[in-house]
There are 2 protein chains.
Amino acid sequence: MVPSNKPIDSIDARLLLELAEHPRATTVALAEQVGISRNTAQARLARLEQDGALDSFERRISPRALGYPLTAFITVQVVQRRLAETADALAAIPEVLQVHGISGQFDLLVHVVAANAEDLYRIAGQILAIPSVERSTTALVMRELVDYRITPLLRRHAGRS
Amino acid sequence: MVPSNKPIDSIDARLLLELAEHPRATTVALAEQVGISRNTAQARLARLEQDGALDSFERRISPRALGYPLTAFITVQVVQRRLAETADALAAIPEVLQVHGISGQFDLLVHVVAANAEDLYRIAGQILAIPSVERSTTALVMRELVDYRITPLLRRHAGRS
DNA sequence: ATCATTATGGGCAGAACGCTCAATTTTTCG
DNA sequence: CGAAAAATTGAGCGTTCTGCCCATAATGAT
């Protein structure tokens, strides 16, 4: 089955909003809330998943619950833009959750978690030990001032509050 | 029902790993894979959800699919640590997905998405227009060198590959 | 060792799921 | 405007899962 890559319309957005609020809701309940038939809701949800509108389930697993309450963002400068090999080395560190290649003064933004301060120090050391890494700066996350949310964008697409 | 806040054991980790690979898997399939009874799997998954080990479903919705293919991290310096009011102003911008208060030279790390470069420019302008914002630097995400993953940590807790 | 707490396993009825099909509505496009 | 294409809907079907019951086994505390 080939992805249709249809843009998300307001019905889709309302389905996703409903799912965001009630992740355990059944298809029939979702359909009823949105005001479409169960068949259509089923088809749309299947299409959304086919089109890759839903990320991996890993996204829903809380690192904190796994025993990694500390989060940090480490910016990294890489020698001569050897990004790929640096990324491989970073990927070998389990505590590295995500790595972005970014524009600007730094080359990489590394999202890491750690069990405690000492653990974080060790991980930062591992990153600095990567040969292609020139410089790095660790910014510890003190608190999450705005929790991750995508509902404001969804509401915009849902066409109402 | 009060959260039990039990630590995640290896069975939990294996359940989550299985879910990460097969998000649509039924409870019975998960139980079979992990080698426990269906009822036990059900109870454990319920407990994981109760304890907050699972983040909101919003995490699984792809901003790209919503029409926001551009991602950027904006570092912000705030005057006199007026963090709370700045966070409120940032939260009013739909394209702001998340805001972290961080240690170091900058005060905030703002995760935003945008429909295109012009859109991003507009959002950066909105952020700079916040009275308590002193300085800001936008780092555009060129590519994701390591996709978000938490399976390496899960595998560690699962006690096997 | 004994008791209390929790996890486990099996069974039951009801509901949801995945699927198909035909009819109807909506959209697309010549 | 009108025809073709696509999407939606309602219904129905059997299979499977779910939610909940309780009895038993395992675990931990005193």
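Here is the naming used below: chain letters follow the sequence lines, and residue numbers restart at 1 for every chain. All values reported here derive from a predicted model rather than from experimental measurement.
Residues near Y121(B) contribute nothing to a hydrophobic cluster around it, because no ILVMFWY side-chain heavy atom sits closer than 4.5 Å to its side chain. Other residues sharing a hydrophobic cluster with V28(B) under the 4.5 Å side-chain heavy-atom criterion for ILVMFWY residues do not exist; the residue is a singleton.
L30(A) places its CG atom 12 Å from the P atom of dG18(C), with the value rounded to the nearest Å. When rounded to the nearest whole Å, the span between CG of D12(B) and C1' of dA7(C) equals 12 Å. D9(A) has its CG atom 15 Å from the P atom of dT26(C), to the nearest Å. Here the C1' atom of nucleotide dT6(C) and the CG atom of D51(B) are 14 Å apart, to the nearest Å.
Contacts between residues 34-43 of chain A and DNA chain D, counted as heavy-atom distances below 4.0 Å, involve I36(A), S37(A), R38(A), N39(A), T40(A).
Classification of R44(B) and D9(B) as a salt-bridged pair holds, one side-chain N sitting under 4.0 Å from a carboxylate O.
Here R24(B) lies out of heavy-atom contact (under 4.0 Å) with every strand.
Applying the ring-ring contact (aromatic ring centres under 6.0 Å, His included) test to Y68(A) and every residue at least two apart in sequence or in another chain returns H157(B). Judged as a side-chain hydrogen bond (donor to acceptor under 3.5 Å, both in side chains), and not counting sequence neighbours, the contacts of T40(B) are S37(B). Looking at residues two or more places apart in sequence or on another chain, you find no salt bridge (Lys or Arg N to Asp or Glu O under 4.0 Å) involving R38(B). Checked against salt bridge (Lys or Arg N to Asp or Glu O under 4.0 Å), R60(B) has the following partners two or more places apart in sequence or in another chain: E49(A).
Applying the side chain to side chain donor-acceptor pair (under 3.5 Å) test to residues at least two apart or on different chains, the pairs with a partner in residues 78-93 of chain B are R81(B)-D107(B), R82(B)-E85(B), T86(B)-S132(B).
The outermost nucleotides of DNA chain D lying under 4.0 Å from heavy atoms of chain A, listed 5' to 3', are dA7(D) to dG12(D).
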